[in-house]
Amino acid sequence: MSQVMFDLDVLRSFSTGIALGSYARAADRLGRSTSAVSAQLKKLEAQAGTVLFRKAGRGLELTDAGETLLAYAHRMLELNEEASAAMRGADLEGWVRLGLQEDFGETLLPAVLGRFARAHPKVRIEACVARSAELRERLELGKLDLALAWDAGDQPPSLHAERVARLPLQWIGPASGDVLDAAWWKERERRDGAGRGARKSKEPLPLVLLDAPCPLRDIVTQTLDRAGVPWRHAFTSASLAALWAASSAGLGLTVRTPFGLPSHVRAIDRTAVGLPALPQMSMALYRAQANAEAPVGRLATLLLEAVRQHVQVAPVQMH
C-alpha cells in the first residue's frame, strides 16, 4: 500500500475552517474561492479514506475520524510553523518577560514555551503567574513585556491591549456527585409561631472565591444581590488551585470561564438550581509597548494562536 502524504496546504484550509466556524470565511482568510476549499476537503477525505464531516442542521460537524485528523493537523501545522520560524529567527536573541494568570499557566504555558524555546534557543524567557491587577501593574512599571489576563475593563490607557476572546462566566461545582443534593440548595422552612405564621427562607449560597480585591468576586456578589439570592463566603484564597480543591470538595460554588477547568470540577446548570445568569469575561493580551522587539512579537503570536485553537467553534458552515 502506498504511503499517504497529507498536503499541509489542505490541512491548513481544513483547520482554518474549523477555527473560524465557516469554510466561506476560511476561503476569504486564505485568499481562495469557496469551491477551491471545498475541492481541498474532498481531496482530504479521499486521502484519509473515511468520512470527516456529517450534517448538523444547516452546517457540518466533524466525525470522530475528523476530530482525530484535526488534532494531527494542528500538530503538523505547528511543527511546520516551528521549523519555518526557526529558519527565519535562527539568530533571534534577547529576552522576553511574560506574565500569565493562573487559568492559562497549566493550559498554555508548556506548549507555547516549548515551541518558542525550540525555535529560538538564544532567547531567554522569564515567566510569572499572578493575578490580573498585579500583571498590569508590572507592565506599567516596565517589569513585563507581555501579559495574558482577564480584562476587567479598567486597564490603564498606557497599556496596549488586544482582546483575544470573550467567554461566558459559569457557576462551577464538583465534578463528582449531584450538587442538587447539597443541603444548601434546599429551601428550608422556618416558622415564627404556628399556623399561618410560617415563612420560607433560603440557606445562604456558600461561595468559593479569590481574596479581595478581585473584579470577578465583585461581579458574582453583585449579581447575586440583584437577584435576591443570599450568599456567604465559605472559602477564600489567593490561589486558584485552592479554589478548585475547595469546590471539588463541595465547600461551595466558584465562578470561572470554561477555559482551563480541571477535571475534578465542572460547570453546573444554573437554571436547575435557580441561580442568576452571569456576564461574559474578556481575555486580553497586553503589551508594554505597541512596537515591541522581535522576540516579544514572536511570543505574542504563539500565544494568540494557542488561545484561538483552545477556544473551539462548531459546527462549521460551508457557505
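Keep in mind the model is a prediction, meaning the values are calculated, not measured. Computed over heavy atoms, backbone and side chain alike; hydrogens, waters and symmetry mates excluded.
Rounding to the nearest 0.5 Å places CG of Asp151 at 11.5 Å from CG of Leu285. Expressed to the nearest 0.5 Å, how far CZ of Arg256 lies from CE of Met281 amounts to 7.0 Å. Interatomic distance, OH of Tyr72 versus CZ of Phe6, reported as 10.5 Å (0.5 Å rounding).
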Run the numbers on Lys43 and Asp7 for salt bridge (charged side-chain N to carboxylate O under 4.0 Å, His left out), then give the verdict.
CA-CA 9 Å; Lys43 174 185 176 181; Asp7 186 332; 3.5 Å; yes
Could you walk me through whether His233 and Arg217 pass the side-chain hydrogen bond (donor to acceptor under 3.5 Å, both in side chains) check?
CA-CA 10 Å; His233 288 301; Arg217 177 188 177 112; 3.2 Å; yes
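Under 3.5 Å, the side chains of Ser282 and Arg163 contain a donor-acceptor pair of N or O atoms. No side-chain donor-acceptor contact under 3.5 Å links Ser239 and Ser237.
Residues Phe104 and Leu167 share a single hydrophobic cluster, defined by chaining ILVMFWY side chains whose heavy atoms lie under 4.5 Å apart.
Applying the side-chain hydrogen bond (donor to acceptor under 3.5 Å, both in side chains) criterion to Gln280, with sequence neighbours excluded, gives Arg166. For Trp231, the side-chain hydrogen bond (donor to acceptor under 3.5 Å, both in side chains) partners at least two apart in sequence or on another chain are Asp225.
Heavy-atom neighbours of Arg12 CZ from other residues, nucleotides or ligands within 6.0 Å: at or below the threshold of 12.
Using a 4.0 Å cut-off between charged nitrogen and carboxylate oxygen, Arg115 and Glu305 count as a salt-bridge pair. Under 4.0 Å is where a charged nitrogen must lie from a carboxylate oxygen, and between Arg287 and Asp145 no such pair does.
Closest non-hydrogen pair, Ala65 versus Val51, comes out as CB-O, 3.9 Å. Nearest approach of Arg136 to Trp150, heavy atoms of both residues: NH1-O, 3.5 Å. Contact record, Asp211 with Ala238: OD2-N, 3.2 Å, taken as the closest heavy-atom pair.
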